[in-house]
Amino acid sequence: MEPISLETIQQHIDSHLSNGIQISQDAFGVFNCELDIKHLYQFVHFLYKDEVLAINFLTDLCGVHYPDQKNKEIGVVYHLQSMKHQLRLRVKVFVSENKPEVPSLTGIYGSANWMERETYDFYGVQFLGHPNLKRILNMDEMLAFPMRKEFPLEDPNREDKIDYQFGR
Amino acid sequence: MKTNLEFLAAIKSPDKPEIPYNTLNLGPTHPATHGIFQNVLTMDGERIVHGEQTVGYIHRAFEKIAERRPFYQITPLTDRLNYCSAPINNTGWFLTVEKLLGVQVPKRVDYMRVMVMELARIADHIICNSILGVDTGALTGFTYVYQWREFIYEIYEEICGARLTTNMGRIGGFERDFNAIVFEKTKKFLKEFPPVWREFENLLSRNRIFMDRTIDTGGLTMERALNYGFTGPNLRACGLDYDLRTAEPYCSYEDFKFEIPVGTTGDTYDRFVVRNEEIWQSLSLVEQAMNKIQALEAGVFHADCDKYYLPPKQEVYKNMEALIYHFKIIMGEIDAPVGEVYSAVEGANGELGFYLVSDGGRTPYRLHFRRPCFIYYQAFPEMVRGQLLSDAIVVMSSLNVIAGELDA
């Protein structure tokens, strides 16, 4: 188990894939990259099969909602991990609120199944190719996607609690 | 006698409708599920053809609530994830916030945290393994070792005043120093618990009935386990020595000497044995941590970060800055820096991760809990396919699926 530098990863990826993926490293040592949606499956599949980097573990998958980013309102964040080198790679894709379609990773990772269902449940992201995309934690009859920012946590008609004084 | 594989081959094909299958609802509230989740099993006689899990019965929207809470008010939410080992969740959350804020905690706080986390791990493994005994028909061992879990809760009580949902510690350290009773009780625990646990192990680990029920039940290869996102003791039972405490040491785990037990086949028996061995390792860690704490100067129990750690109450009455910070912290008016953090700890049943996105406000912009059992519970249908109904119960029990963590 030896640490891998940013340059090594970047060079390795450039030598195998030609879609100009840029990797950066944040202050906590986690590698980051933001992808175009059409490169996602190919990139993750390449990492899964690649034996040098061995980034073959999907740690976490979740959605984030940024209502102010035009046409990139919904982000899906993947945390990938290499147990061999103990490195973490955070992959982000952004899609529009009107057409939140992301390829499903269930073909690569069995663990993606429920995590994608959870993201669909809370953000309404349509994972294309998912075998069983239905709600998982909320009830099936629910109409809203409750983790989106426009979904109020508390009753909006309440007048006794002023939001700007108490929390967000 | 036919093996499991032969039975699996003999299971009738689903496209022959003339052969009826039975559907069996295991749960949502069933004594054998140990929590509120449902399994819809398709049965061929007593063999399981297919299982489908329904989760979410106790979903409490913690991630949504967390978006409106200042950081210190999120700790009680983490208590309620894996409530069998709440101090580990608390510490995991503090480490995440401290990473974002850039707070460096003193060594003594690290050791104090290691001590409570390892006690929590022991409590969690006591529950899991003794309940596995109950599910195979051995109730006595469970009642015998459970008093020691109670005893660990008494130690928690001395540290923080609570037992199950502990809310133990603060961002930057602990709310108060460990008192003498904590060390006294821990010493008593270290002295008197091992013989009891040894007896419990003797009851089950070479027991013919127990071995017949658990060996080759619910096994999974390492490749499948990794694909399903297994972490923690369940992954180690499959034979991979991956433990966050050594792979990405947090809380000064690098100062401690301990071993990572691994299994071979990843079946129920291996999981049981791995957890047993982890209890022995944790006992040694508790002892090491306690010696390290006592070797250091007493009275250091928090980091020096007056913006995030509540000032002592006496100061609040006398000192202007202390009063201001007290007010600002309680009202949640302290802004956090902008940033994105993923921080994980080795929970009692796997990697418990916190993904925190901060936009510079007083609350998280987004907080996601990586709950280990939500991820590995997906493998359950594959693990029990072709096995008996009673095996399914044993497998579920040995996976240590905690409903609070499953649903968040």
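Chain naming here is simple, since letters A, B, ... match the order of the sequence lines and numbering starts at 1 in each.
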Legend entry - B:E340 bridged to A:R88 by N-O distance under 4.0 Å: no
Legend entry - Salt-bridge criterion met for B:E52 and A:K134 (N-O under 4.0 Å): yes
Heavy-atom count check: over 12 atoms from other residues, nucleotides or ligands less than 6.0 Å from [X] [atom1]?
{"X": "B:F327", "atom1": "CZ", "value": "no"}
{"X": "A:E51", "atom1": "CD", "value": "no"}
{"X": "B:K99", "atom1": "NZ", "value": "yes"}
{"X": "B:E259", "atom1": "CD", "value": "no"}
{"X": "B:Q104", "atom1": "CD", "value": "no"}

Side chain from CB out, backbone as N, CA, C, O: work out which of these in [X] comes under 4.5 Å of a heavy atom of chain A, or both, or neither.
{"X": "B:E63", "result": "both"}
{"X": "B:R60", "result": "neither"}
{"X": "B:A379", "result": "neither"}
{"X": "B:I58", "result": "neither"}
{"X": "B:I375", "result": "side chain"}
{"X": "B:V357", "result": "side chain"}
{"X": "B:S343", "result": "neither"}

Inset, instruction - Just give me the residue among A:D26, A:N113, A:N138, A:T59 that pairs up with chain B most often, heavy atom to heavy atom, under 4.5 Å. - result: A:T59
Looking at [X] and [Y], would you say the former's side chain and the latter's main chain have a donor-acceptor pair under 3.5 Å?
{"X": "B:R366", "Y": "A:G63", "value": "yes"}
{"X": "B:Q378", "Y": "A:S111", "value": "yes"}
{"X": "B:K64", "Y": "A:R148", "value": "yes"}
{"X": "B:Y365", "Y": "A:H65", "value": "yes"}

Shortest non-hydrogen separation from [X] to [Y] and the atoms involved:
{"X": "A:R90", "Y": "B:V341", "result": "NH2-C, 4.0 Å"}
{"X": "B:D407", "Y": "A:L137", "result": "O-CD1, 3.6 Å"}
{"X": "B:T231", "Y": "A:F57", "result": "CG2-CZ, 3.8 Å"}

Inset, instruction - Could you walk me through whether B:N227 and A:Y48 pass side chain to side chain donor-acceptor pair (under 3.5 Å), step by step? - result: CA-CA 10 Å; B:N227 196 274; A:Y48 183 69; 3.1 Å; yes
Between atom [atom1] of [X] and atom [atom2] of [Y], what is the distance when rounded to the nearest 0.5 Å?
{"X": "A:W114", "Y": "B:Y228", "atom1": "CH2", "atom2": "OH", "result": "10.5 Å"}
{"X": "A:D140", "Y": "B:T54", "atom1": "CG", "atom2": "OG1", "result": "9.0 Å"}
{"X": "A:M115", "Y": "B:R371", "atom1": "CE", "atom2": "CZ", "result": "10.0 Å"}

Inset, instruction - Tell me, out of B:Y242, B:Y377, B:Y376, who's got the most heavy-atom pairs with chain A below 4.5 Å. - result: B:Y242
Legend entry - A:Q81 and B:Y342 side chains, donor-acceptor separation under 3.5 Å: no
Inset, instruction - Mind running side-chain contact (heavy atoms from CB on, under 4.5 Å) on B:T246 and A:Q86 for me, showing each step along the way? - result: CA-CA 11 Å; B:T246 53; A:Q86 194 48 43; over 6 Å; no
A side-chain contact here means heavy atoms from C-beta on lying under 4.5 Å apart; do [X] and [Y] qualify?
{"X": "A:M147", "Y": "B:H368", "result": "no"}
{"X": "A:M83", "Y": "B:L235", "result": "yes"}
{"X": "B:F374", "Y": "A:I136", "result": "yes"}

Inset, instruction - Please work out whether the ring planes of A:F122 and B:H59 are parallel, tilted or perpendicular, with thresholds of 30° and 60°. - result: tilted
Legend entry - Which atoms of A:N132 approach chain B - backbone, side chain, both or neither, heavy atom under 4.5 Å: side chain
Legend entry - Under 4.5 Å from a heavy atom of chain B, the part of A:V64 involved: both
